[in-house]
Amino acid sequence: MNVLATELVHLRRGGTSVVVDLRGGRLPRILHWGPDLGEATTADLVSLASSVQPTVGDSAITYPQPIPVVPQLAEGWLGRPGIAGSRRGRDFAPLFRDARSELSETEGRARLRTEAVDEVGLLRMVVDLELTDQGLLCLGVELVNEGQDAFRLDVLEPAVPIPDEAAEILDWTGRWARERVPQRHPLPAGVWLRESRGGKPGLDGSSLMCVGAPGFGFRAGRVWAVHLAWSGNQALAAELTPAGSRLLRAGELMLPDEVVLAAGERYRGPRLLASWGEGLDALSARFHRYLRARPGHPASPRPVLVNTWESVYFQQSLEPLLRMAERSAELGAERFVLDDGWFLGRRDDHTSLGDWLVDPEVWPRGLAPLSSRVHDLGMQFGLWFEPEMISLDSELARAHPDWVFDAGHGPGLPSRHQHVLDLAHAEAFRLVHDRVTLLVDELGIDFIKWDHNRSLTDAGHSFDGRAGVREQTLRAYRMMDELRSRFPRLEIESCASGGGRADLGVLDRTDRVWPSDCNDPHDRLDIQRWTGLLLPPELMGTHIGSGEAHTTHRHAGLDFRAAVAFWGNLGVELDLTAVDDDTFERTAAWVAAHKDWRALLHAGTVVHADTTPEVRLEGVVAPDQDRALYHFAVLDRPAGWPPARLRLPGLAPDRRYEVAELAVGDPVPEGQRPPWMTAALVQTGRVLETVGVEAPSLDVDHSVLLQVAATS
Ligand code: DGJ
């Protein structure tokens with residue numbers, strides 16, 4: 001630890017500079033966050049500080065001040081508060097002074113820790129500002145009540161400044177089976193606010209917000225983003241003040257009295273993670289590299305799995321599923337996952353959540369005959385749970401009606417016929433925990449698909465009527481943590497009706513997310529593209545579904561379905577006992593090809609070309625740029641012909657590469673192949689990115705994989 005000699009600090013890592021002003025004993029103020037500024041002397045920083053002052057909102061304040069990372073009313077900040085709370089109405093405008101900072105530099109990150117106090121309000125704030133080796137900025141803020149009276153905290157929402165070129169917002173909307181639909185518009189004066197109030201970030205993807213130079217794309221245009229590593233209620237905002245200051249911000253959204261700090265108690269908010277880039281690919285790469293550098297990041301090859309959901313739904317029985325497991329092993333699968341429908345009375349989605357006991361009517365010998373066979377076949381065994389939920393029609397709810405969340409009007413509206421189990425009841429937590437533990441232990445479960453389908457709309461504790469979303473989020477984390485510490489090799493998938501809980505908080509204790517229940521490749525391609533802005537491919541489950549998609553009823557050929565599923569942690573949701581031999585063999589070929597390519601797909605740099613709206617071109621380039629794989633897809637009929645020029649991003653400009661089709665399934669038909677596809681093409685990376693090659697004239701909902709290997 002290093003008590004700072006200077007009050008202007010310049011952190012530089014991973015191509016990012018962060019310049020922080022600590023003068024005056026105040027909370028840190030970020031003067032610059034973005035591109036690396038190079039070496040800077042103290043005099044350079046003083047000059048920078050005097051010439052760049054993003055200011056607090058009130059121009060009447062005598063000395064406009066740069067905005068602190070937690071903007072405060074008492075410093076003239078008139079925008080959305082960074083901190084709000086009171087002691088029964090008093091101490092509502094905290095002012096933090098006497099800040100002391102320490103800088104520590106370790107492998108992986110530089111950390112600037114600042115502690116400041118409000119001596120009148122008797123509050124202490126601790127701000128951890130970290131810059132990681134990947135150039136990601138992380139902010140963690142803690143509030144300590146140093147008074148005797150309780151302090152009710154309503155908002156603790158750190159903020160990072162962005163420059164005035166950041167004028168266009170990209171964020172997302174979406175719904176079940178159509179997650180993360182992008183929307184773009186100018187940043188207006190005021191606050192553009194996205195809130196999640198359902199006890200999870202949600203299907204719309206509101207846990208990420210980007211603001212960039214107008215027209216920014218994947219490859220160009222500077223852009224900044226924040227994400228909150230939190231799986232409960234949250235607020236993300238972009239703000240433009242009348243004084244011209246621009247901020248990105250994120251914090252937990254607290255319901256009334258969820259955080260009341262008794263004497264000496266502290267609240268630590270979830271991490272705000274902030275990335276920037278010259279284009280979205282560079283922004284995204286910082287998140288990906290950060291995730292991949294975690295000690296807990298999945299290290300083994302991501303197993304190809306077969307999931308039973310779309311093939312059998314609730315129609316489970318041993319014999320057909322044994323056959324399915326055998327066919328899965330023949331296909332090359334490495335994990336077999338039994339989805340919803342295995343527990344007491346669960347014949348459809350109306351009943352039984354909470355009764356985590358194997359149904360003896362469906363499974364008279366329990367699940368062991370299936371799990372053992374799966375293990376004997378050399379595969380891992382996975383099982384579906386929804387531990388935070390309860391059906392009113394269940395043994396659990398009948399025995400403990402008071403364990404259902406209830407804000408005072410009874411259990412509230414059902415959603416998918418279900419309610420939420422209040423894990424703040426210690427016995428409820430223990431009972432669910434113990435039943436899951438028992439099954440993991442007995443069956444040797446290797447993988448849990450952890451679902452979460454109902455929103456926490458009126459989540460009050462039955463014992464005192466108070467709101468319990470925050471506590472529920474922490475208890476779900478705790479249950480996952482306890483399971484993982486007891487079963488260190490257990491992997492967990494975060495699923496919430498699809499991609500409703502795909503944040504870096506849950507990913508601290510899970511190994512992949514399920515981006516969507518939509519396995520229709522036409523829509524899935526974009527769902528994966530936008531989920532993948534935050535998450536690298538190996539953390540996303542991507543499955544081959546049926547020819548007619550169950551969620552959209554659109555038809556797609558096997559090759560297109562497989563080519564889209566190829567890019568993540570591959571899975572299959574076909575009924576392998578019913579498909580014809582040709583489909584089986586072709587699917588097996590895709591599984592084998594995925595295994596050949598997954599080392600690249602799951603470690604390389606993800607790139608996207610900026611294209612016309614009808615087509616998509618994305619790829620993964622090896623870290624040493626020796627090889628790459630690209631996927632070109634046509635989603636709509638272009639007005640012109642051929643559909644596009646393929647500009648292959650991310651290769652080393654001065655190396656030469658051979659480009660060829662990777663035909664796992666049917667090759668592109670003769671009449672649709674441009675001349676260069678008939679013989680091997682060799683070109684420099686620079687030409688391939690700037691000039692590109694003519695695209696094959698594919699039909700709608702068809703795609704081609706291009707393998708690229710360096711020859712020099
Ligand atoms: C919702 C999930 O998103 C699906 O994949 C499936 O697991 C069902 N729940 C099971 O009820």
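Indexing begins at 1, ligand by ligand and atom by atom, following the structure's order. Only a predicted model underlies this, so the values are computations on that prediction, with no experimental measurement involved. Atoms considered below: every heavy atom in the structure, side chains included; atoms not considered: hydrogens, waters and symmetry mates.
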> Closest non-hydrogen protein atom to atom 1 (C) of ligand 1, residue and atom name please, with distance?
Replying inline: Asp451 OD2, 3.0 Å
> N/O to N/O below 3.5 Å, does that happen between Trp309 and ligand 1?
Replying inline: no
>> Would you say Gln380 and Glu491 are linked by a side-chain donor-acceptor pair, where the criterion is simply a distance under 3.5 Å?
In response: no
> Are Leu539 and Pro298 side-chain neighbours, meaning at least one heavy-atom pair lies under 4.5 Å?
Replying inline: yes
> Considering only heavy atoms of Ser497, which atoms of ligand 1 have at least one such atom less than 4.0 Å away?
Replying inline: 3 (O)
> Which of the atoms of ligand 1 are close to Cys495, meaning less than 4.0 Å from one of its heavy atoms?
Replying inline: 2 (C), 3 (O)
>> Under 6.0 Å from the ring centre and within 45 degrees of the ring axis: does the NZ or CZ of Arg598 meet both conditions for the six-membered ring of Trp590?
In response: no
>> Any salt bridge linking Asp508 with Arg484? Criterion: basic side-chain nitrogen under 4.0 Å from a carboxylate oxygen.
In response: no
>> What verdict does the ring-ring contact (aromatic ring centres under 6.0 Å, His included) test give for His297 and His288, after you've listed the backbone C-alpha separation in whole Å, the side-chain angles of each residue and the deciding distance to 0.1 Å?
In response: CA-CA 11 Å; His297 194 71; His288 292 187; 9.7 Å; no
> Looking at ligand 1, does any of its N/O atoms fall within less than 3.5 Å of an N/O of Phe314?
Replying inline: no
>> Give the atom numbers and elements of ligand 1 that come within less than 4.0 Å of a heavy atom of Asp340.
In response: 10 (C), 11 (O)
> So is Asp349 close enough to ligand 1, meaning a heavy atom under 4.0 angstrom away?
Replying inline: no
> In terms of residue, atom name and distance, what is the protein heavy atom nearest to atom 4 (C) of ligand 1?
Replying inline: Asp517 OD1, 3.3 Å
>> I'd like to check which ligand 1 atoms, numbered from 1 as shown, lie under 4.0 Å from a non-hydrogen atom of Asp339.
In response: 6 (C), 7 (O), 10 (C)
>> Working to the nearest 0.5 angstrom, can you tell me the gap between Asn233 CG and Gln472 CD?
In response: 11.0 Å
>> If you apply the rule ring-ring contact (aromatic ring centres under 6.0 Å, His included), what do you find for Phe343 with Trp363, and how did you get there?
In response: CA-CA 9 Å; Phe343 46 98; Trp363 298 96; over 10 Å; no
>> Between ligand 1 and Arg346, is the shortest N or O to N or O distance under 3.5 Å?
In response: no
> Atoms of ligand 1 less than 4.0 Å from Lys449 heavy atoms?
Replying inline: 4 (C), 5 (O), 6 (C), 7 (O)
> Considering only heavy atoms, does His543 approach ligand 1 within less than 4.0 Å through its side chain, its backbone, both, or neither?
Replying inline: neither
>> I'd like to know whether CG of Leu413 has more than 12 heavy-atom contacts from other residues, nucleotides or ligands below 6.0 angstrom.
In response: no
